Student: 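Pasting a structure below so you can have a look.
No hydrogens, no waters, no symmetry mates; every other heavy atom, side chains included, goes into these values. Nothing fancy with the numbering, it's 1 onward along the sequence. The shown structure was predicted, so the numbers you read here are calculated from the model rather than taken from an experiment.
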Amino acid sequence: MRVSSVTQQIKNFALTDARMAKVGIASIDRFNESPEGMHPTDFLPGCKSVIAFCVRLPDGAVNATYRTFEDRNYDIHGIYGAYGYVGAPNYNLLWANYKISRFVEKVTGCAAMPNTAGPTHGAKMLSMRHCAYAAGLGEFGWSSLMLTPEFGPRNRFGAVLTTAELTPDPMYSGPRLCEPEKCHICEKMCPTGAIPPYVEGEGRIVCAGGKEVDYSQINWAKCRLMCHGTHAEYNESGGDIIPIEMDDPLDEELGDINKYYAGHPRQNFHQHNPTWKCGNCLTYCPVGDWKERFRDTGLSAVDTDKYIDGDEK
Ligand code: SF4
Ligand code: SF4
């Protein structure tokens, strides 16, 4: 039997005590299409509900990426790393996971499993983006990032799994957030071409709660070139990052980037490899009042309108 008042208590706790920006609940049937080994019951046998939540990234942390890419003030980007990506948001989510899971166990008497957040503890992780989608927090964008109507892709997600049967939230049913047949901003703002142009039927389809959405098949090797500052491939057996020779045609397209990284030591240790040296797909997406927050305030000078409706200038 689902207990809605307990569900409401848990959601209130997530928003107030754990200070999350949004919270939603997915019933376990919404994960019927999960890949093998990545179903919530692979992590918590008997899991019946997934409580997904997010922190909003501070606009000032997002601003660090504009200063990096627009002013070429490269060293500021670490502020985005600390407060917009691997640092504060993940530790905030870790703490929220801990608090929410203990609260769920207290009020339901059922097991509640917290998840790690980001690459902080080396554990295998469920996809937090997919948990958030299944819990009705928003929709996927063509960039493969989860968009919320309030903050666009400028959120980080966490999720607690529980054997308690809570009342699920409806899937997101507001206006369509991403229209990749018209908007090409993430594709055009991606410095390595990792995000392909939208072609109907060529995206990856995600299905949950009777709702389907597609997103691009990102070229992760190209994305890592920017984010890790190296050509790198994951070693399938160990998961380590192995640098490969920089002799492919991308080098010509990426002249500036390669020059920048050439002067910086490449650290390829699994937990110490920077993964936050880009994020343009997140920082320039128009969803979540981008114009009002960043363009109209002068924080970004990029005219992203030229990448909408195929109306390139
Ligand atoms: S930048 Fe445009 S196409 Fe890309 S995810 Fe955002 S809305 Fe969708
Ligand atoms: S993080 Fe940067 S390189 Fe990677 S997909 Fe986004 S825009 Fe492209």
Side-chain angles (χ1 to χ4, degrees), residues 33-35 38 62 65-66 68-70 85 127-130 132-133 138-148 152-157 172 176-208 211-234 236 241 243-258 260-261 275-288 290 300 302-313:
E33 312 282 331
S34 297
M38 294 299 282
V62 175
T65 67
Y66 305 132
T68 305
F69 290 102
E70 296 181 24
Y85 196 36
S127 166
M128 295 297 113
R129 293 173 302 146
H130 289 78
Y133 175 66
E139 274 180 342
F140 276 94
W142 182 244
S143 59
S144 91
L145 298 172
M146 246 295 291
L147 314 178
T148 60
R154 292 168 285 275
N155 328 260
R156 300 285 178 208
F157 299 98
Y172 172 79
R176 199 169 156 222
L177 298 177
C178 171
E179 298 180 292
E181 64 282 7
K182 292 187 195 156
C183 174
H184 306 281
I185 293 174
C186 53
E187 170 207 330
K188 299 290 186 185
M189 293 304 295
C190 175
T192 62
I195 301 177
Y198 173 75
V199 178
E200 194 179 349
E202 286 202 356
R204 180 175 167 201
I205 293 175
V206 183
C207 181
K211 188 176 157 84
E212 239 180 46
V213 68
D214 62 343
Y215 61 77
S216 67
Q217 311 255 18
I218 301 261
N219 182 324
W220 293 115
K222 287 186 179 179
C223 177
R224 279 199 295 274
L225 174 64
M226 189 66 199
C227 292
H228 293 177
T230 180
H231 286 237
E233 282 180 337
Y234 281 96
E236 281 179 16
I241 296 167
I244 56 176
E245 291 305 311
M246 300 180 77
D247 60 357
D248 74 34
L250 264 177
D251 281 352
E252 276 176 34
E253 294 167 35
L254 298 171
D256 270 2
I257 298 164
N258 284 333
Y260 166 63
Y261 283 122
T275 58
W276 37 261
K277 288 192 168 172
C278 184
N280 280 4
C281 45
L282 176 148
T283 52
Y284 289 101
C285 176
V287 182
W290 184 84
S300 172
V302 175
D303 175 16
T304 52
D305 279 353
K306 64 186 177 185
Y307 300 135
I308 296 180
D309 283 322
D311 184 24
E312 290 185 45
K313 290 168 193 164

Student: As an exercise, state the distance from CG of L282 to CZ of R156, rounded to the nearest 0.5 Å.
Tutor: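 Answer rounded to 0.5 Å: 5.5 Å.
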Student: Are the side chains of N280 and P191 in touch, meaning some heavy atoms are under 4.5 Å apart?
Tutor: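 N280 vs P191: side chains touch.
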Student: Donor-acceptor check, side chain of R154 to backbone of V287, threshold 3.5 angstrom: yes or no?
Tutor: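 The answer is yes, because a donor-acceptor pair under 3.5 Å joins these two groups.
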Student: Check E187 against P197 and note the closest heavy-atom contact, atom names and distance.
Tutor: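 Where E187 meets P197 most closely, the heavy atoms are OE1-CA, 3.3 Å.
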Student: Applying side chain to side chain contact (heavy atoms under 4.5 Å, CB included), run through L147 and C285 and close with a yes or a no.
Tutor: CA-CA 9 Å; L147 314 178; C285 176; 4.2 Å; yes
Student: Please report the interatomic distance CD(E179) to CG(D309), rounded to the nearest 0.5 Å.
Tutor: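 It is 9.0 Å, given to the nearest 0.5 Å.
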Student: Please list, chain by chain and in numerical order, all residues satisfying ring pair (Phe, Tyr, Trp, His ring centres under 6.0 Å) with Y66, sequence neighbours excluded.
Tutor: Y284, F294
Student: NE2 of H184 to CD1 of I308: how many Å apart, nearest 0.5 Å?
Tutor: 9.0 Å
Student: Show the numbers, then the answer: is there a side chain to side chain contact (heavy atoms under 4.5 Å, CB included) between H130 and V206?
Tutor: CA-CA 8 Å; H130 289 78; V206 183; 3.7 Å; yes
Student: Testing the basics here: between S216 and S144, what is the closest heavy-atom pair and its distance to 0.1 Å?
Tutor: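 Heavy atoms only, the tightest pair is O-CB, 4.3 Å.
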Student: Can you give me the closest heavy-atom contact between I218 and I195, atom names plus distance?
Tutor: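 Looking at all heavy atoms of both residues, the shortest contact is CD1-CG1, 3.6 Å.
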Student: Measure from the side-chain N and O atoms of E33 to the backbone N and O of C207, and report whether any donor-acceptor pair falls under 3.5 Å.
Tutor: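 No, the answer is negative, given that no donor and acceptor are paired below the 3.5 Å cut-off.
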Student: Carefully, step by step, assess R176 and E139 under the rule side chain to side chain contact (heavy atoms under 4.5 Å, CB included).
Tutor: CA-CA 8 Å; R176 199 169 156 222; E139 274 180 342; 4.2 Å; yes
Student: Can you measure from SG (C178) to CG (D214) and round to the nearest 0.5 angstrom?
Tutor: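 If we round to the nearest 0.5 Å, C178:SG and D214:CG are 8.5 Å apart.
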Student: Of all residues at least two apart in sequence or in a different chain, which pass the ring pair (Phe, Tyr, Trp, His ring centres under 6.0 Å) check with F157?
Tutor: none
Student: Can you give me the closest heavy-atom contact between Y172 and K211, atom names plus distance?
Tutor: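 Closest approach of Y172 to K211: O-NZ, 3.1 Å.
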Student: Any side-chain to backbone donor/acceptor pair from W142 onto P196? Under 3.5 Å, distance only.
Tutor: yes
Student: Ignoring hydrogens, what is the shortest heavy-atom contact between W290 and V302? Give both atom names and the distance.
Tutor: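 Reported closest heavy-atom pair: CH2-O, 3.7 Å.
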Student: Would you name the heavy atoms of C278 and T65 that are closest together and state the gap between them?
Tutor: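 Closest pair (atom of C278, atom of T65, distance): O-CG2, 4.2 Å.
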Student: Let me confirm one number: the CE-OG distance from M146 to S127, rounded to the nearest 0.5 Å.
Tutor: 9.5 Å
Student: To the nearest 0.5 Å, how far apart are CG in D305 and CD1 in I185?
Tutor: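 With rounding to 0.5 Å, CG (D305) is 7.0 Å from CD1 (I185).
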Student: For S300, enumerate each residue passing the side-chain hydrogen bond (donor to acceptor under 3.5 Å, both in side chains) test, keeping only those at least two apart in sequence or located in another chain.
Tutor: E70
